[in-house]
Amino acid sequence: MCGIVGIFGRSQVNQALYDALLVLQHRGQDAAGIVSSKDGQLFMRKGNGLVKDVFRTEHMINLVGEMGIAHVRYPTAGCSSSAEAQPFYVNSPYGITLAHNGNLTNADELKRDLFMEDMRHINTNSDSEILLNVFAHELQVLGKIRITEKEVFQAVAGVHRRCRGGYAAVAMITGYGVLAFRDPFGIRPVVFGERDTTEGKEYMIASESVALDVAGFDRIRDLEPGEAVYIDMDGKLHTFQCAANPIHSPCIFEFVYFARPDTIIDDIFVHKARSRMGVALAKKIEQEWPDYDIDVVIPIPDTSRTAALELATNLDIRYSEGFIKNRYIGRTFIMPGQTVRKKSVRQKLNAIDSEFKNKNVLLVDDSIVRGTTSKQIVQMAREAGAKKVYFASAAPPVRYPNVYGIDMPAASELVAHGRSVEQVREIIGADKLIYQDLDDLINAVQKRDKSEVKRFDTSVFDGEYITGDVSDHYLEQLELLRSDGAKQNKESAEISIIGLHNSA
């Protein structure tokens, strides 16, 4: 999962790009990058680490120009090498930089075709570099010395014909303008907005609307699935539907976990969607567990707070903050390596004993993925003195891997994969386990005023991959790449390479 930003401004955009990345830091903590453009020259800074660590004053001073794009990354494809930090750049045609959120399911095929047919070399294992080269080739074959929005949109249409999977991308064509496009299913989010200045309108494109809010841009709307938005050097905004048969199916896990609660995605307020998840979960408890003996509802911070509060309110049970979070520890879900994940839970959370002692506690989380964190938190609640520990998930059981840009574990490492709810309950050690029903989750997100979303990508819950190209063989290969053993081998190889460099 990654975060992308693009700005066409009338003055220096480096600070606005930096501020937007800070707001989107939750979408990726592995690497960050900014590239800006002034008078046809590009200025880039990128590297591993958090935004605040990658960019120092001397770097920001050098990132000059009135337009630029930026990226925060957590690797779902490739590795955590700084060579794969984004944005990526190709010099032909025109000089193009691109940053990408998502995952191409036909990346191997595209990489082969780029080499054999398009005669382009891919230097990393990142599918973002593949996406950039596909776009660059589609633009180059048009054979234009000068291009307009027409050629830009023709190239995006070529990308949609060739690329499969979920992707939202922002690009900058040197001397021409800023571009963003969204896959034909609209799986990954991207929104754009504007603000007025004395010199004219400025535009921002970002993964989440909160980035626009912080910079003072007014949200215009989300890109439609398959649509592209292009701002030329005169500051004129152009939009065009570049896909033949778009089907709007955004990832529902954005609403469950990834997006900030103050974000609006496809005209759906994430905070309100999570509130409705809590209401639906409360109704399920009343129907299936009418004699519940819950004394207090405690959220597992931070994402589950909204749902937990609504659940407690609807059940007329006391809500309490029972865990204190160390805000200087990153999300365990996006930390690579199970060893680090196990260690990080107790560094990240500490229980307030008085909120647990001699009480029957209902812990509420947004979802259960591996079960490792849930098991440790249940144990922490017992150690804090809870009589009984119940557990509720605002999402259904996560039984299948995500192939569209979320670095979920291999299927065999998902605690609910091939297991019943009772078996999962035994593994995490809870006295009772309640999952949200998938239909209730969909209804909770769909109840909205303006959004036209009729369906969602719910593949992590039901195994139905909406792009229709995910085979058993693909999932088997994914299993080999995403297992903890594979990741540990990759991390060991990277450490060895670093050691060789240091000793040279």
Side-chain angles (χ1 to χ4, degrees), residues 2-10 13-24 27-28 32-37 65-73 86-88 96-102 128 131-132 135 149 152-153 155-156 159 166-174 176-183 186-197 200-242 250 254 259-260 263-267 405:
C2 303
I4 59 173
V5 185
I7 299 178
F8 177 90
R10 305 290 180 172
V13 298
N14 51 0
Q15 187 64 53
L17 289 168
Y18 177 88
D19 293 342
L21 290 186
L22 287 177
V23 173
L24 297 175
R27 300 187 69 86
I34 293 175
V35 59
S36 61
S37 177
E66 292 76 41
M67 66 177 186
I69 64 173
H71 188 264
V72 285
R73 176 180 186 261
Q86 297 182 41
F88 284 112
I96 306 172
T97 54
L98 179 142
H100 160 233
N101 173 33
S128 302
L131 185 66
L132 168 59
F135 173 70
E149 68 277 6
V152 172
F153 293 143
V156 174
V159 170
Y167 51 90
V170 61
M172 185 167 58
I173 307 173
T174 309
Y176 287 96
V178 175
L179 164 74
F181 54 90
R182 194 178 186 187
D183 72 78
I187 299 172
R188 301 266 67 89
V190 59
V191 63
F192 64 101
E194 65 181 10
R195 69 181 178 189
D196 291 316
T197 70
K201 284 189 181 296
E202 298 182 322
Y203 295 96
M204 175 186 274
I205 304 154
S207 291
E208 296 187 28
S209 61
V210 288
L212 278 62
D213 298 337
V214 167
F217 283 79
D218 296 322
R219 176 179 170 272
I220 297 176
R221 62 178 176 83
D222 298 81
L223 265 70
E224 296 295 326
E227 187 182 27
V229 58
Y230 172 63
I231 305 101
D232 63 28
M233 296 301 290
D234 293 325
K236 185 176 180 180
L237 183 141
H238 310 267
T239 62
F240 191 75
Q241 176 53 259
C242 301
E254 291 277 357
R260 279 179 42 148
T263 283
I264 303 170
I265 298 177
D266 293 315
D267 293 317

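Only heavy atoms go into these numbers, but all of them, side chains included; no hydrogens, no water, no symmetry mates.
Judged by distance alone, the side chain of Asp183 and the main-chain N or O of Gly166 form no donor-acceptor pair under 3.5 Å. Here the side chain of Ser36 pairs no donor or acceptor atom with the backbone of Asn14 at under 3.5 angstrom. For the pair Ser128 (side chain) and Ala99 (backbone), a donor-acceptor distance under 3.5 Å is absent. Judged by distance alone, with hydrogens and angles left aside, the side-chain atoms of Gln241 form a donor-acceptor pair with the main-chain N or O of Pro225 at under 3.5 Å.
Here Arg27 pairs with Glu208 in a salt bridge; the nearest charged N to carboxylate O distance falls below 4.0 Å. A salt bridge does not link Glu202 to Arg10: none of the charged side-chain nitrogens sits closer than 4.0 Å to a carboxylate oxygen. With respect to Arg219 and Asp267, a salt bridge is recorded, a charged nitrogen being found less than 4.0 Å from a carboxylate O.
Contact of the Val229 side chain with the Leu237 side chain is registered, since non-hydrogen atoms from C-beta on lie closer than 4.5 Å. Contact of the Val170 side chain with the Ser207 side chain is not registered, since no non-hydrogen atoms from C-beta on lie closer than 4.5 Å. Contact of the Ile69 side chain with the Gln86 side chain is not registered, since no non-hydrogen atoms from C-beta on lie closer than 4.5 Å.
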(request) Verify side-chain contact (heavy atoms from CB on, under 4.5 Å) between Phe217 and Val191, making sure each step is shown before the conclusion. (result) CA-CA 11 Å; Phe217 283 79; Val191 63; over 6 Å; no
(request) Could you walk me through whether Met204 and Arg195 pass side-chain contact (heavy atoms from CB on, under 4.5 Å), step by step? (result) CA-CA 9 Å; Met204 175 186 274; Arg195 69 181 178 189; over 6 Å; no
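A distance of 13.0 Å separates NZ of Lys236 from CD1 of Ile231, quoted to the nearest 0.5 Å. A distance of 8.0 Å separates OG1 of Thr239 from CG of Leu223, quoted to the nearest 0.5 Å. Atom CD1 of Ile34 is separated from atom NE2 of His71 by 12.5 Å, given to the nearest 0.5 angstrom. Atoms CD1 and CZ, on Ile205 and Arg182 in that order, are 13.0 Å from each other to the nearest 0.5 Å. A distance of 8.0 Å separates CG in Leu24 from OG1 in Thr263, rounded to the nearest 0.5 Å. With rounding to the nearest 0.5 angstrom, the CZ atom of Phe240 is 14.0 Å from the CD atom of Glu224.
When every heavy atom of Gly33 is checked against every heavy atom of Leu21, the shortest pair comes out as O-CD1, 3.9 Å. A pairwise comparison of heavy atoms in Val35 and Pro87 identifies CG1-CG, 3.7 Å as the closest pair. Between Val13 and Gly68, the closest heavy-atom pair is CG2-N, 3.9 Å. Minimum heavy-atom separation, Ala168 to Ile4: O-CD1, 3.5 Å. For Gly102 against Arg188, the heavy-atom pair with the smallest separation is CA-CD, 3.8 Å. Considering all non-hydrogen atoms of both residues, Val72 and Gly28 come closest at CB-O, 3.6 Å.
Checked against Tyr230 for a side chain to side chain contact (heavy atoms under 4.5 Å, CB included), the options Phe8, Tyr176, Phe181 give a single hit: Tyr176.
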